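One structure is given below, encoded as structure tokens.
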Amino acid sequence: MEEVRRKNPGENEFHQAVQEVVESLSPFVQKNPKYEKAKVLERIVEPERIIIFRVPWLDDKGEVQVNRGYRIEMNSALGPYKGGLRFHPSVNLGILKFLAFEQVFKNSLTTLPMGGGKGGSDFDPKEKTDNEVMKFCQSFMSELFRHIGPNTDVPAGDIGVGAREIGFLFGQYKRLRNEFTGVLTGKGLNWGGSLIRPEATGYGCVYFAQEMLRTKGDSIKGKTCLVSGSGNVAQHTVQKVSQLGGKAVTLSDSSGMIHDPSGIDDKKLAYVMELKNVKRGRIKEYADKYRCEYYEGKRPWSIKCDVAFPSATQNEISKDDAKKLVDNGVICVAEGANMPTELDGVRLFLDAKILYGPAKAANAGGVAVSGLEMTQNSLRLSWTREEVDTKLQSIVRSIHESCVRYGKEDGFTNYVKGANVAGFVKLADSMIDQGLV
Ligand code: NDP
């Protein structure tokens, strides 16, 4: 860890992600000296390649704007680099390295042949016109295209990158390469996308929570659930919770949160989807429409619940928030967002022995269906909704089984350890097989 901090100064999120993995892997690596001898831990914290580039574009007023673009190609031992693009003003090297590092483990857990990567830009799509977003995406891809490809690196969406952005990025890639290939996932259904991909992260996260609850003979049915965020992951989490008989009572955005004790049903969710995906409005408008409470600048964690689904961003659950959740009787936390819980909060959940599903296991459904989109593109066919959903459920079950196999600790499953060790073993063995690369 000292070496990681020295070599990557100021990259706090990256240090945090590595620390969590190292804490749970150390005893395992010490028991298996072949990994120590091959210096696998030292190798996996060093990205295979980092690309940083200038993204100049013209706004609607004709003024030149300049953003910074990134792609972290973290590890290709298990397949082409795979992981999303994030467009958000907070994006920097440390945040993308933490996301890429997590992605490598997550992709390993999915059982599909995918390496790990992540990228993005400090561009803020909020309050930009469609034309400006298109100009930016075209400029971004005008550099990125030379580094990616269906057998090399396959980006997808993340915060600020949804169907609209993937469309503009794909169009520009196709134009520059003169090739129609599965170089991005999360594509539109008419042009190579997979059914269930938009839903996959949220659905997968709720399926994972259901698997965890099943180990206690319990289920989502009848549970009061807190969901944060109101984007892609949050929306489909709410949808699946309600399909499985649970009740989601909160949503949020970076301005505040709404609390609707009567539950966010399908009709209200359709309103949220229109508000967020089409009108690009604020969650406060939900409270005005459905006459429920809106809390400016607040997050949902002080509300009493059975299950929590953090689905907005990193470090959105502090140690105090974690304590509030536990004190209020939470039985299960399944992370839709990446690293939403601070390290002290993670330790608190583990000490309380609640069912705690860390992001790299709980939200792997998204990238798993991206992997299925790549398979369908290679086969040049598309599977039905039921086929993809069945495969998603079976992958989530298998991730859960791996976590239980490696995370059992006298009568309790430590899913953090389980996910880290299971992800690591496959990756480390493959790296050793492939020699010193
Ligand atoms: P979206 O851009 O669709 O939605 C993000 C949501 O989180 C918005 O409601 C946004 O509010 C809120 N948010 C973003 N940043 C902050 C912040 N700093 N503070 C408070 N709220 C914030 O993104 P996704 O739903 O795709 O992603 C959400 C999380 O899930 C991320 O952590 C992402 O890495 C993770 N994830 C996503 C996957 C996917 O398939 N999309 C796959 C696996 C993980 P506002 O509109 O105000 O910014």
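First listed ligand is number 1; within each ligand, the first listed atom is number 1. Quick caveat: nothing in here was measured; it's all calculated off a predicted structure.
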I'd like to know if [X] contacts ligand 1, where contact means a heavy-atom distance under 4.0 Å to any ligand atom.
X: Met339; answer: no
X: Gln235; answer: no
X: Glu316; answer: no
X: Pro340; answer: no
X: Arg282; answer: yes
X: Gly229; answer: yes
X: Gly160; answer: yes

If the cut-off is 4.0 Å to any non-hydrogen atom of [X], which atoms of ligand 1 fall inside it?
X: Ser252; answer: 9 (O)
X: Asn363; answer: 43 (C), 44 (C)
X: Gly336; answer: 30 (O), 35 (C), 36 (N), 44 (C)
X: Lys126; answer: 45 (P), 46 (O), 47 (O), 48 (O)
X: Ala337; answer: 29 (C), 30 (O), 32 (O), 35 (C)
X: Arg86; answer: 31 (C), 32 (O), 33 (C), 34 (O)
X: Ser311; answer: 28 (C), 29 (C)
X: His88; answer: 15 (N)

Q) Quick one: are Arg175 and Gln172 in side-chain contact, heavy atoms under 4.5 Å? A) yes
Q: Pick whichever of Asp253, Val272, Asn315, Ile159 has a heavy atom sitting closest to atom 5 (C) of ligand 1.
A: Ile159
Q: Report the part of Arg197 in contact with ligand 1, treating N, CA, C, O as backbone and CB onward as side chain, heavy atoms under 4.0 Å; options are side chain, backbone, both, neither.
A: side chain
Q: Would you kindly specify which portion of Ala156 sits under 4.0 Å from ligand 1, judged on non-hydrogen atoms: side chain, backbone, both or neither?
A: neither
Around [atom], find the nearest protein heavy atom and jot down its residue, atom name and distance.
atom: atom 43 (C) of ligand 1; value: Thr201 CG2, 3.6 Å
atom: atom 25 (O) of ligand 1; value: Val233 N, 3.0 Å
atom: atom 33 (C) of ligand 1; value: Asp158 OD1, 3.1 Å
atom: atom 41 (N) of ligand 1; value: Asn232 OD1, 3.8 Å
atom: atom 4 (O) of ligand 1; value: Gly231 CA, 3.3 Å
atom: atom 9 (O) of ligand 1; value: Ser230 N, 3.0 Å
atom: atom 19 (N) of ligand 1; value: Thr313 CG2, 3.8 Å
atom: atom 13 (N) of ligand 1; value: Ala312 CB, 4.2 Å

Shortest non-hydrogen contact from [X] to [Y]?
X: Tyr173; Y: Met141; value: N-CG, 3.7 Å
X: Leu226; Y: Ile303; value: CD1-O, 3.3 Å
X: Gly186; Y: Ile166; value: O-CG2, 3.6 Å

Q) Going through the distances and angles, do Ile354 and Leu325 end up as a side chain to side chain contact (heavy atoms under 4.5 Å, CB included)? A) CA-CA 10 Å; Ile354 61 160; Leu325 283 164; over 6 Å; no
Q.
I want to know if ligand 1 touches Lys118 in the polar sense, i.e. an N/O pair below 3.5 angstrom.
A. no
(Q) Considering both backbone and side-chain atoms of Lys106, is one of its nitrogen or oxygen atoms within less than 3.5 Å of a nitrogen or oxygen in ligand 1? (A) no
Donor-acceptor contacts, no H, no angles, side chain residues 284-292, under 3.5 Å, sequence neighbours left out:
from	atom 1	to	atom 2	distance (Å)
Glu285	OE2	Arg282	N	3.1
Tyr286	OH	Asp260	OD2	2.6

Q | side chain to side chain donor-acceptor pair (under 3.5 Å) evaluation trace for Asn420 with Glu20 | A | CA-CA 9 Å; Asn420 285 333; Glu20 186 228 82; 3.2 Å; yes
**Q.** Residue from Glu102, Lys106, Arg86, Gln103 passing side chain to side chain donor-acceptor pair (under 3.5 Å) with Asn338
**A.** Lys106
Q: Run through His147, Arg71, Lys82 and flag the one making a side chain to side chain donor-acceptor pair (under 3.5 Å) with Asp153.
A: Arg71
Q: Kindly determine whether Lys240 and Gln243 satisfy side chain to side chain donor-acceptor pair (under 3.5 Å), including the steps that lead there.
A: CA-CA 5 Å; Lys240 187 51 75 178; Gln243 283 171 9; 2.7 Å; yes
Q: Please step through side chain to side chain contact (heavy atoms under 4.5 Å, CB included) for the pair Lys126 and Ser254, ending with a clear verdict.
A: CA-CA 12 Å; Lys126 248 185 245 142; Ser254 51; 3.8 Å; yes
Q.
Using 30° and 60° as the class boundaries, would you call the ring planes of Tyr356 and Phe349 parallel, tilted or perpendicular?
A. tilted
Q) With sequence neighbours left out, what residues match Lys61 under salt bridge (charged side-chain N to carboxylate O under 4.0 Å, His left out)? A) none
**Q.** Candidate pair Gln239 and His236, rule side chain to side chain contact (heavy atoms under 4.5 Å, CB included), full reasoning
**A.** CA-CA 5 Å; Gln239 191 165 58; His236 296 104; 3.4 Å; yes
Q: Among Tyr70, Trp57, Phe140, find the one that has a ring-ring contact (aromatic ring centres under 6.0 Å, His included) with Phe123.
A: Trp57
Q: State plainly whether the residues Asp321 and Lys324 are in salt-bridge range, i.e. N to O under 4.0 Å.
A: yes
